[in-house]
Amino acid sequence: MGAQLRVYKRRIKSVTATKKITKAMEMIAASRIVKAQRRVTASTPYATELTRAVTAVATGSNTKHPLTTEVEAPVRAAVLLITSDRGLAGGYSSNAIKAAERLTERLRSEGKEVDTYIVGRKGVAYYGFRERTITDSWTGFTDSPTYADAKDVAGPLIEAVQRDTADGGVDELHIVFTEFISMLTQTPVESRLLPLSLDDTAEDVDGEAGAAKKDEILPLFDFEPSAEDVLDALLPRYVESRIYNALLQAAASKHAATRRAMKSATDNAGDLIKSLSRLANAARQAEITQEISEIVGGSSALADATAGSEK
């Protein structure tokens with residue numbers, strides 16, 4: 001019985017140490033969520049106004065720009081998938097990957113080839129393990145992305161859109177990321193960034209407020225040196241701002257998923273400690289009962305032996 005009690009005590013000690021770690025990780029993730037939410041809120045006005053500017057240029061001119069003109073028969077699309085560099089976040093990365101898989105299957109069913117771009121080690125590892133082709137990837141900044149990181153990601157994608165498909169270019173650009181809705185809800189979403197859909201741009205960035213702005217009358221502009229040059233300058237910034245916002249949304253979602261997973265692990269560790277404590281108490285009681293029985297039995301045998309010798 002002594003050996004069994006020692007086993008229970010070792011397990012309780014081990015689980016208690018794990019509980020302390022998961023509790024600390026839960027608190028760290030909770031503090032990071034607040035910072036990530038603030039960054040998402042701060043990035044939204046810039047993205048909204050930039051989207052309105054691009055919409056104004058595109059609707060105020062008759063320029064057929066490659067980044068705003070629908071291709072009649074698109075043959076290739078680029079998909080940017082945003083995952084995490086770290087684990088311990090429940091199904092955060094796997095849910096985003098599943099959404100990207102569904103999008104890829106839909107695009108291929110439409111007769112389009114798909115070039116995959118990935119942010120985050122989890123997505124890179126998933127595709128690498130299955131020996132799937134990755135056009136480009138970026139890692140190391142998913143927990144706290146910067147605008148410079150968004151520019152690094154957007155650069156190759158914009159170049160791919162501007163190139164001809166015969167030279168490895170793409171006709172469409174899609175993005176898959178996890179949208180932060182609340183501390184309890186984070187949803188994988190997919191959105192088409194290019195060609196620019198003028199009916200959806202404001203709504204995509206600014207929700208209901210953006211939807212209300214879709215019907216407003218935009219002023220007329222004179223473009224210098226030309227509308228095409230203005231689009232050349234604005235649309236890359238539009239893509240960068242949308243990718244930056246998606247990176248921030250994904251970071252906030254990842255921290256929320258980590259907090260939820262660590263809270264669940266902490267609660268499970270507490271339940272396991274209670275269960276092990278009950279088993280340890282039962283083992284100790286059984287050991288004490290056995291020792292008492294042995295003492296009583298020994299005392300009775302000694303008494304019988306003493307009585308026999310006196311006779």
Side-chain angles (χ1 to χ4, degrees), residues 1-37 81-101 118-130 139-144 178 180-188 250-302:
M1 280 305 214
Q4 187 176 8
L5 184 59
R6 285 194 296 272
V7 169
Y8 288 138
K9 287 183 176 180
R10 281 199 300 268
R11 292 190 62 187
I12 291 173
K13 184 178 180 180
S14 175
V15 175
T16 301
T18 302
K19 181 180 178 181
K20 291 180 180 179
I21 295 173
T22 56
K23 183 63 177 179
M25 295 180 68
E26 176 189 348
M27 296 176 66
I28 292 171
S31 66
R32 288 178 175 176
I33 292 173
V34 178
K35 296 179 182 178
Q37 282 182 289
L81 168 62
I82 299 178
T83 62
S84 174
D85 286 323
R86 302 172 184 269
L88 301 178
Y92 164 78
S93 292
S94 62
N95 290 336
I97 291 172
K98 290 177 182 177
E101 294 274 79
I118 299 178
V119 174
R121 293 190 179 93
K122 289 298 180 180
V124 173
Y126 178 89
Y127 278 75
F129 179 77
R130 289 158 179 78
T139 60
F141 56 80
T142 57
D143 282 353
S144 183
T178 304
F180 181 85
I181 299 175
S182 68
M183 296 286 284
L184 299 177
T185 307
Q186 303 85 42
T187 306
S253 298
K254 189 268 178 184
H255 295 317
T258 297
R259 177 184 176 275
R260 188 167 59 252
M262 292 301 99
K263 185 180 187 306
S264 177
T266 302
D267 294 342
N268 291 338
D271 293 340
L272 183 57
I273 289 173
K274 291 180 182 179
S275 177
L276 290 173
S277 296
R278 286 194 293 267
L279 293 174
N281 291 335
R284 188 189 303 102
Q285 290 171 0
E287 183 177 352
I288 292 172
T289 301
Q290 183 177 351
E291 290 177 355
I292 292 175
S293 299
E294 291 174 353
I295 292 172
V296 171
S299 176
S300 177
L302 182 60

Hey, does Y127 have a side-chain heavy atom less than 4.5 Å from the side chain of L81?
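Answer yes - side chains close enough.
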Heavy-atom donor-acceptor pair, [X] side chain to [Y] backbone, under 3.5 Å:
| X | Y | result |
| --- | --- | --- |
| T258 | E26 | no |
| T266 | M262 | yes |
| T185 | S182 | no |
| S253 | Q186 | no |
| S277 | I273 | yes |
| T289 | Q285 | yes |
| Y92 | A250 | yes |
| T22 | K19 | yes |
| D85 | G140 | yes |

Roughly how far, to the nearest 0.5 Å, is [atom2] of [Y] from [atom1] of [X]?
| X | Y | atom1 | atom2 | value |
| --- | --- | --- | --- | --- |
| I118 | I97 | CD1 | CD1 | 7.5 Å |
| Y8 | R284 | OH | CZ | 12.0 Å |
| K13 | L276 | NZ | CG | 15.0 Å |
| L272 | D267 | CG | CG | 12.5 Å |
| T142 | I82 | OG1 | CD1 | 10.0 Å |
| R259 | M25 | CZ | CE | 14.0 Å |

I need the minimum non-hydrogen distance between [X] and [Y], along with the two atoms involved.
| X | Y | value |
| --- | --- | --- |
| T16 | I12 | OG1-O, 2.7 Å |
| A261 | G90 | CB-N, 3.9 Å |
| R86 | D143 | NE-OD2, 2.9 Å |
| G120 | T139 | C-CG2, 3.8 Å |
| A99 | P188 | CB-CB, 4.0 Å |

Step-by-step side-chain contact (heavy atoms from CB on, under 4.5 Å) determination, K274 to R278:
CA-CA 6 Å; K274 291 180 182 179; R278 286 194 293 267; 4.2 Å; yes
Given the rule in the side-chain contact (heavy atoms from CB on, under 4.5 Å) test, do R32 and K254 qualify, once you have shown the distances and angles that lead to the verdict?
CA-CA 10 Å; R32 288 178 175 176; K254 189 268 178 184; 5.7 Å; no
Check the surroundings of atom CE in M27: do more than 12 heavy atoms from other residues, nucleotides or ligands lie under 6.0 Å from it?
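Not more than 12 within 6.0 Å, no.
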